[in-house]
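By convention in this document, chain letters (A, B, ...) are assigned in the order of the sequence lines, proteins followed by strands, and residues within each chain are numbered from 1. None of the values given here were measured: they were computed from a predicted structure.
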Amino acid sequence: MQPSSVLVLKAVFSHYWRHGWQTLFLLVGLIAGVGLWSAVQIINQQARLSYEQADSLLGVQASYWIHSRTGKAIEVDDYIHLRRAGFRQIFPVVEAEVSTQQGQPISIIATDLFALPNNLLDSGEGDTASDWLSFVQPPYRAWVPRQLAEELELQPEDQLLLRDGRRFPPALIKSHSQQGRQVLMDIAAAFALLNRETFSYLVVGNIEADQLSQLESLLPDRLELIENQQHLDLQELTQSLHTHLSAMSLLSFAVGLFIVFNAVRFSLWYRRPTFMNLRLMGASSSLLLSAVLIETLLWSFVGAGAGIVVGLQIGKVLLPGLGASLHSLYDATVDTQLIWQFDTLLKAWGITLLGLLWALTWPLYQQLKRNSLPANLISRASLDERQSRHYLALSSLALIGVSIFLYPRIDDAISGFLLLGLLLFGAAWLLPTLLAFTLRLVSHLTADRQLIARWLIGDGWAQLPALRTAMMALLLAMTANLGVGTLVDSFRSAFVGWLEVRQSADIYLRSSKIDYDRLLDPQDSSTWLADSHRRIGVTSRWQGRQTLIRGVDTGAPDSLKLPLAQWSGITPEATLKQWQSEENTLLANEQVHYLAGLQLGETIQLQTDKGLIDYRVIGFFYDYGNPNFQFYLPYDEVVNYWTQYHSRGIALWLKKNDEATQLLAEKAMREAGAETGDWILQSQVRKLSLNIFERTFTITAAMNALTMIVAAIALLASLLAILQERLPQFAQWRALGVRSREQMMIIACPILIFVLVAWLLAIPLGAVLSWILIHKLNIVSFGWSMPMRWDMLPAIQLGGVILLVVAATLMLASWQLRRRMPNALAQLGELA
Amino acid sequence: MLSIQNLNKSFKQAEGDVVVFSGLNFEMATGTSVALLGESGSGKSTLLHLIAGLDQVDSGEIKIDQSSITSMSEAALAEMRRHQVSLVFQQFHLISTLDIIDNIRFQAALCQRFDSDYEALLIDRLGLGKQLKKFPHQLSRGQQQRVAIARSLLHKPALVLADEPTGNLDEQSSLEVMALFSALVKNAGSSLLMVTHSREMASYLDRSVLLHSGKLGEIGAA
């Protein structure tokens, strides 16, 4: 004979074999929640690992970089001189941007492969010596990362064709951990392709202190040694983005938990008779509690294990897009090959267990404290529902109160998301009370109407306990969808408008060899050039962050239309004129205002080569997506005070933006010393910028869609649970002559009323969410603002989508009902 | 009123088919009441379900007012139950979210056959006048069964099918409810087929038949 504890476990667990749908939904809830959460965890972990490797270029630790002080290229002789002096840890790098014939921008990175350690080409894909040799010998090889090759539809040995007719070396398609989206080749291949014989910069590997001072003394004046602080900067700069992602994943987990909560609640509810019988037969409360705890443990193992597998798959899909964005925004390279870490599984198991315990604690407590089975489950559920609704409403008011208190105190992304979490859950917990209020209102309005209306409302009360959690999940998903959607739309609208002003020139040229006088010679350029804007800059650190002091032509077309977020004059135009005419004034990007706390009209001191100079801030300009500080000063001012300035290129406005004029411009640029890859057309810059923008929000859209799917599953799970619970009742209705479509109407109408209320609440809540995201979180996280652009159309579209989701779930429920009704009818009249 | 010809029904079970009815025949005239007696498991409730169209026959024919229900679609069966047939079960099956007056009016409202005088009479005879605004769970079992009876009769159906309607009540209440029930069915002009274990309950009705080994046998006029 089996021991009593085994029998109790069998009796408790047998529920899941008999109720396949509940088992399925419990699993789906757990796996979806854990999957979405762990996907972002894995991505964040991957990014952090990559940042730790970020100061290594192609496997070599970069302690320092050697750059030209004037922004020009580094001559080969300088490199040879340093190597001959014994600095074997120094190697050269060429970086360039080129365009394919189809206008796709490609980044090239090249180095002297002989100067690098032997493991350089080790991509973990079984590289051979012949691979290595083929890189350094004509016709050379271009090492194209897999993802880029797929985007370009490039096959091995294909030679990419550039806009000017030149060809890349034959492609070798492989991915290296720090390659990102760059195409790697030997320096000799790059020299041939780009028709240049200079390096962009030199990298200094691990170096001892005494060697360092020797190196400093050896460096010619035109070169400078810059310490690698990228690792620190990347961690700091990207932290907010990762916090955003983590917050979204936690929201998804919470929505998944709603399904779990529902499924667990239903499973306990159904097992009331079993628990009661077991207690009557002498099973102690502690034995039953242990059985449920073992059940919880088993579910947490299964949920966390399967959730991680799903999370890895989602991570694989989302990581390339995010990696590309991180590279574009922060110059951070994230390896797209996911690395599995055991602690992710442990964390996933931990939060799953906590979530399950939270979902179980209250219902189980209620279960065990009752000693008798109520005669009428529905009325018992209604009583429980009323009580828990009151608790939820009180908790909700407390959460909303705390979030109002927190609002003026937000100073970083974490506190901002804490506030959003409190507000969202506060609103979600208030929803059941609002649903009950709506039912009461409709009931009041239909009191004297037809019986069928009263029946419908009455049934709404019966459905409320089962649908409450699903509606809260749906509300959260809809709010997140609307709030984040508004953020993205506002950003898109602001960004596109901003791009039009900031990138109004037709060509952007940046070259270390350009002869500007020759390029801008009025006689030679009269056929193609309408206007130009030459920019210079000095890179330094201000308030602990990388800062660019830019010298610009205050009368250039793009300077005259610089989009200002704040200005000290009467109008932005007046402020720009003041900047042109008044000495010792500057414009700063918004990041300086929001992240460093600088106010309009304040005076700051900048360290120049001629000592500290005071500048008054007369305006803050929009500078979307820039993680660094930036000051705009008149061109001559920078030339006068910073001798080590370097060129930041030149913007060229063509007389006519057609192919013929572009070709004239290209010819002139080449004659002035520019090489292929030194310039980029406006259309390409905009395409690149918009691509970065779209990629950045791909993950947001994906998480939103997945969260919405999870909420739809919660709704379906609840509906099916209602059907299962109330099947005998529905059979009785049919026995009384209720038609099947009338029955579905009675079931559907309260759901539609609930969904309508949730949707109506999601609209203002979504607006509040986007307001906080735009006016608080975005500012404290990234340091720039934008106008909020609210549009009702997405809300209406979302309403349509939700209606489709509800219709689909109702159809599924209706199919289930039809399938099970004959059996229920046959059992009608049997004692329960 | 009710005619059953050569009815066959069996249930599939793991150990093989269990035959419930084999060539069962039965006739019942309009306005009469019949008690269906039999041992537990003899198929009394199954027969009631088949007549109400809640279960399907294997073969044979069931006619209510000359209409064969064995060939009806699910929708047609729902229409038939709505207009012609009423069911009263031991568990009352009231709608918990509606008050008592709405429960009483429920089926009459569905088939839009409502007689306010008859409603007043039913409420008065069943003693439900003070309970109308209450909800089912606020009533005793006996009161709930009276509500179920009022609901089944308000639209004056052609046929009332009752499955142990007093099985949930104590003896005294059972007798009171039964007396009222049979009288009200007569008053409505409906026919009544009632499943019961009790010969005492059966004595309130016109005829009694015994279901045994899948066949019906007349016990004799009451």
Side-chain angles (χ1 to χ4, degrees), chain A residues 374-383 385 439 443 446-465 725-743 746-747 750 817-819 821-832, chain B residues 11 44-46 48-50 52-56 74-99 101-112 114 135-138 141 144 148 151-152 155 157 161-165 167-168 195:
Chain A
N376 189 327
L377 291 181
I378 296 295
S379 67
R380 181 72 247 176
S382 298
L383 288 174
E385 166 66 12
L439 277 182
S443 163
T446 56
D448 301 324
R449 311 244 166 175
Q450 286 188 335
L451 186 151
I452 201 130
R454 293 197 292 280
W455 180 27
L456 196 146
I457 299 303
D459 208 70
W461 286 108
Q463 289 187 35
L464 188 55
E725 183 182 313
R726 300 183 61 200
L727 196 60
Q729 244 184 5
F730 295 153
Q732 170 62 14
W733 294 2
R734 299 298 296 277
L736 291 172
V738 175
R739 300 176 187 121
S740 60
R741 65 168 183 278
E742 289 169 337
Q743 189 168 359
I746 295 295
I747 298 170
L817 193 61
R818 251 203 317 278
R819 205 173 62 86
M821 187 52 78
N823 199 31
L825 282 171
Q827 287 174 351
L828 204 64
E830 286 178 13
L831 285 171
Chain B
F11 289 113
K44 302 185 296 292
S45 295
T46 304
L48 222 61
H49 278 74
L50 291 171
L54 300 176
D55 204 348
Q56 287 186 321
E74 182 48 44
L77 283 170
E79 288 301 310
M80 182 271 292
R81 286 194 293 267
R82 175 183 285 225
H83 295 283
Q84 290 174 276
V85 177
S86 262
L87 288 145
V88 184
F89 290 105
Q90 195 175 337
Q91 293 86 8
F92 329 128
H93 286 313
L94 300 180
I95 296 175
S96 59
T97 55
L98 291 179
D99 60 17
I101 187 66
D102 278 345
N103 264 290
I104 291 172
R105 290 175 177 170
F106 190 81
Q107 202 164 358
L110 283 182
C111 68
Q112 295 181 323
F114 182 66
F135 282 84
H137 67 272
Q138 295 172 299
R141 286 168 176 268
Q144 288 189 48
R151 180 181 65 186
S152 71
H155 64 300
L161 299 170
D163 192 354
E164 306 245 21
N168 245 340
V195 169

Worksheet item: Just wondering, do B/Arg151 and A/Leu736 contact through their side chains at under 4.5 Å, heavy atoms?
Response: yes
Discussion item. Looking at B/Arg82 and A/Gly737, would you say the former's side chain and the latter's main chain have a donor-acceptor pair under 3.5 Å?
Written reply: yes
Fill in: Residues that A/Gln732 engages under side chain to side chain donor-acceptor pair (under 3.5 Å), provided they are two or more places apart
none
Discussion item. With a 4.0 Å cut-off on N to O distance, would you call A/Arg818 and B/Glu74 a salt bridge?
Written reply: no
Worksheet item: So how far is it from A/Ile452 CD1 to B/Asp102 CG, rounded to the nearest 0.5 Å?
Response: 11.0 Å
Worksheet item: Between A/Gln729 and B/Ser96, what is the shortest heavy-atom contact and its length?
Response: NE2-OG, 3.8 Å
Discussion item. Check this for me: B/Gln56, atom CD, are more than 12 non-hydrogen atoms of other residues, nucleotides or ligands nearer than 6.0 Å?
Written reply: no
Worksheet item: So which part of B/Ala75 gets closer than 4.5 Å to some heavy atom of chain A, the side chain, the backbone, both or neither?
Response: neither
Practice prompt. Quick one: do A/Val738 and B/Leu110 satisfy side chain to side chain contact (heavy atoms under 4.5 Å, CB included)? Show the steps, please.
Written response: CA-CA 7 Å; A/Val738 175; B/Leu110 283 182; 3.5 Å; yes
Discussion item. Quick one, A/Leu451 with B/Leu98, criterion side chain to side chain contact (heavy atoms under 4.5 Å, CB included). Give me CA distance, side-chain angles, the key distance, then yes/no.
Written reply: CA-CA 9 Å; A/Leu451 186 151; B/Leu98 291 179; 4.2 Å; yes
Worksheet item: Is there a donor-acceptor contact under 3.5 Å from the side chain of A/Arg739 to the main chain of B/Glu79?
Response: no
Fill in: B/Phe135 portion near chain A, given a 4.5 angstrom heavy-atom threshold
neither
Worksheet item: To the nearest 0.5 Å, how far apart are CD1 in B/Ile101 and CZ in A/Arg454?
Response: 9.0 Å
Worksheet entry | Shortest non-hydrogen contact between A/Gly458 and B/Thr97, atoms and distance | O-CG2, 3.0 Å
